[in-house]
Amino acid sequence: MPTTDETTAAATVAATAVRTGRLEAPGATLHYEVRGRGPLLVMVPGGSADAGIYDALAAGLADRWTVVAFDPRGYSRSTLHGPTGEQLPGTHSEDVARLIELLSPDGAPAAVFGSSSSAIVALDLLSRRPGLVGRVVAHEPPLVELLPDPAAGRAVFAAVQESFLRDGVEAAMATMAAGLAPAGGAGGGRYEVATGADEESRAATGPVEDGGATAPPQESGGASEAEAKATAKAAATAKAAAEATARAGAGAGVDAVAAAEAATVRRMMANLPVFLEHVLCSFSGHVPDLDALRAAAPKLVVGVGRDSRALLPAVAAERLAQRVGSATAEFPGGHVGLMEDPVAFGARLREVLLG
């Protein structure tokens, strides 16, 4: 007869086992992965990432939620039915809506998490299809049109795209690191919330529910060296891919987790050209429907990294929260905190989702 420990271990394995599927959508076939049981939680990959970026987070949350991650259209195992063209947040948010309609138990509203560019997708979903979601956690959406100087923000990402088209991926990622670093780069390289938010933002900010979150701070301290390093890490995907691949090939004894991580990074590398040419500028330049988000603000929590508050994505995120009156929540690490410490990031995400 199984012991209590054996029964618990078996239940844990069953909860974290990955079930895969394919969903036909207009113009694409989507690969998705499901873990756990319970209310639906959809985790939308950002940047050039696919479902694999959430392996550790999804496994940690599968005891409480049915966790769904997927490859965005045109990435990895989600194939387009035609040539790759400019990608739009609205198209991607409809893909998330289709996944919710397919997978949500009893049609109940889902929780949705997105980080960076995928936070923009999550926001678009909330504004267009609020009835499908019960909570949206949008971690540092880089919405340049909400910055104090939108033109400078647009210039940062336009320079990255131009660098890619001219000189390739490595040059583009170096341009991004320089443009977002606090010490300089395109567009000044630093974005801070001025002491005392603008009156329009203040007027739009109503009472903020806590629920594991707090109101946005009204000022931001100086950017630290740690913040610059966090942004550089986000831009150094090429180096990370090389290192992970080397580790995976170092010997036959490499475990399955390390091999899976290396495979994820290799796929991210392969997705970078699509991200840099067809996603980066159209997503970061997206203008959100602030009126719709204001109406849905009780469902929204805007996430900001503890180490990245002076950088462009966090500044845009805090200004969004101010404009629509939503709650904010501080997360461990910087813009790529979910990669820096998945355990701590996942624990904080759990608090926010349950708050």
Side-chain angles (χ1 to χ4, degrees), residues 44-47 72-74 85-97 112-133 136-162 176 179-180 186-188 191-194 197-206 216 274-304 311-328 335:
V44 189
R73 59 173 57 218
E86 182 182 27
Q87 298 297 298
L88 299 174
T91 304
H92 286 242
S93 72
E94 281 301 309
D95 288 341
V96 180
V112 178
F113 172 78
S115 183
S116 193
S117 59
S118 68
I120 296 171
V121 175
L123 291 168
D124 188 76
L125 176 68
L126 178 60
S127 66
R128 291 170 179 259
R129 307 287 295 277
L132 287 180
V133 296
V136 167
V137 182
H139 182 263
E140 297 202 354
L143 292 162
V144 298
E145 298 304 319
L146 299 184
L147 292 170
D149 187 349
R154 289 192 294 270
V156 169
F157 294 122
V160 174
Q161 185 184 64
E162 291 166 7
M176 184 178 293
L180 298 183
Y191 294 83
E192 291 184 289
V193 180
D198 60 83
E199 291 304 316
E200 181 183 2
S201 294
R202 287 182 181 276
T205 305
V274 176
F275 171 70
L276 293 168
E277 183 172 359
H278 300 292
V279 175
L280 177 64
C281 289
S282 57
F283 276 50
S284 61
H286 175 69
V287 179
D289 186 337
L290 296 179
D291 288 337
L293 291 175
R294 195 171 293 120
K299 298 181 177 183
L300 174 62
V301 178
V302 176
V304 179
L311 302 183
L312 181 156
V315 171
E318 292 190 325
R319 290 175 69 86
L320 169 69
Q322 291 166 352
R323 294 285 294 274
V324 304
S326 75
T328 64
H335 187 61

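These numbers come from the heavy atoms of this one structure, side chains and all, not from hydrogens, waters or symmetry mates. Since we're looking at a predicted model, the values are computed, not measured.
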| query | For V324 and V302, what are the C-alpha separation, side-chain angles and deciding distance, and is it a side chain to side chain contact (heavy atoms under 4.5 Å, CB included)? | reply | CA-CA 10 Å; V324 304; V302 176; 5.8 Å; no
Please determine whether side chain to side chain contact (heavy atoms under 4.5 Å, CB included) holds for the pair L143 and V287, giving the CA-CA distance in whole Å, both sets of side-chain angles, and the decisive distance to 0.1 Å. CA-CA 7 Å; L143 292 162; V287 179; over 6 Å; no
Practice task
For the pair K299 and V136, evaluate side chain to side chain contact (heavy atoms under 4.5 Å, CB included) and give the outcome as yes or no after the intermediate values.
Solution key: CA-CA 6 Å; K299 298 181 177 183; V136 167; 5.9 Å; no
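Side-chain contact between S93 and L126 is absent, with no heavy atoms from C-beta onward closer than 4.5 Å. Side chains of V144 and R154 form a contact here, defined as non-hydrogen atoms less than 4.5 Å apart. Contact of the V96 side chain with the D124 side chain is not registered, since no non-hydrogen atoms from C-beta on lie closer than 4.5 Å. Considering only heavy atoms from C-beta on, P142 comes within 4.5 Å of S116 through its side chain. With a 4.5 Å cut-off on side-chain heavy atoms, P89 and I120 count as touching. Between L312 and L180, the closest side-chain pair of non-hydrogen atoms falls below 4.5 Å. Between E140 and V304, the closest side-chain pair of non-hydrogen atoms falls below 4.5 Å. P141 places none of its side-chain heavy atoms less than 4.5 Å from the side chain of L146.
In this structure a side-chain-to-backbone donor-acceptor pair under 3.5 Å is missing from S326 to A297.
Screening residues 281-293 for salt bridge (charged side-chain N to carboxylate O under 4.0 Å, His left out), with sequence neighbours left out, gives D291-R294. Applying the side chain to side chain donor-acceptor pair (under 3.5 Å) rule to pairs touching residues 274-283 yields nothing, sequence neighbours excluded.
The heavy-atom pair separating L293 from L123 by the smallest distance is CD2-O, 3.5 Å. Closest approach of G285 to E145, counting heavy atoms only: O-CG, 3.8 Å.
Residues passing the salt bridge (charged side-chain N to carboxylate O under 4.0 Å, His left out) test with D95 are R73, R98, sequence neighbours excluded. For A97, the side chain to side chain contact (heavy atoms under 4.5 Å, CB included) partners are E94, L125, R129, L132, not counting sequence neighbours. Residues satisfying the ring pair (Phe, Tyr, Trp, His ring centres under 6.0 Å) test with F283, not counting sequence neighbours, are H92. Scored by the side-chain hydrogen bond (donor to acceptor under 3.5 Å, both in side chains) test, E162 finds no partners at all (sequence neighbours excluded).
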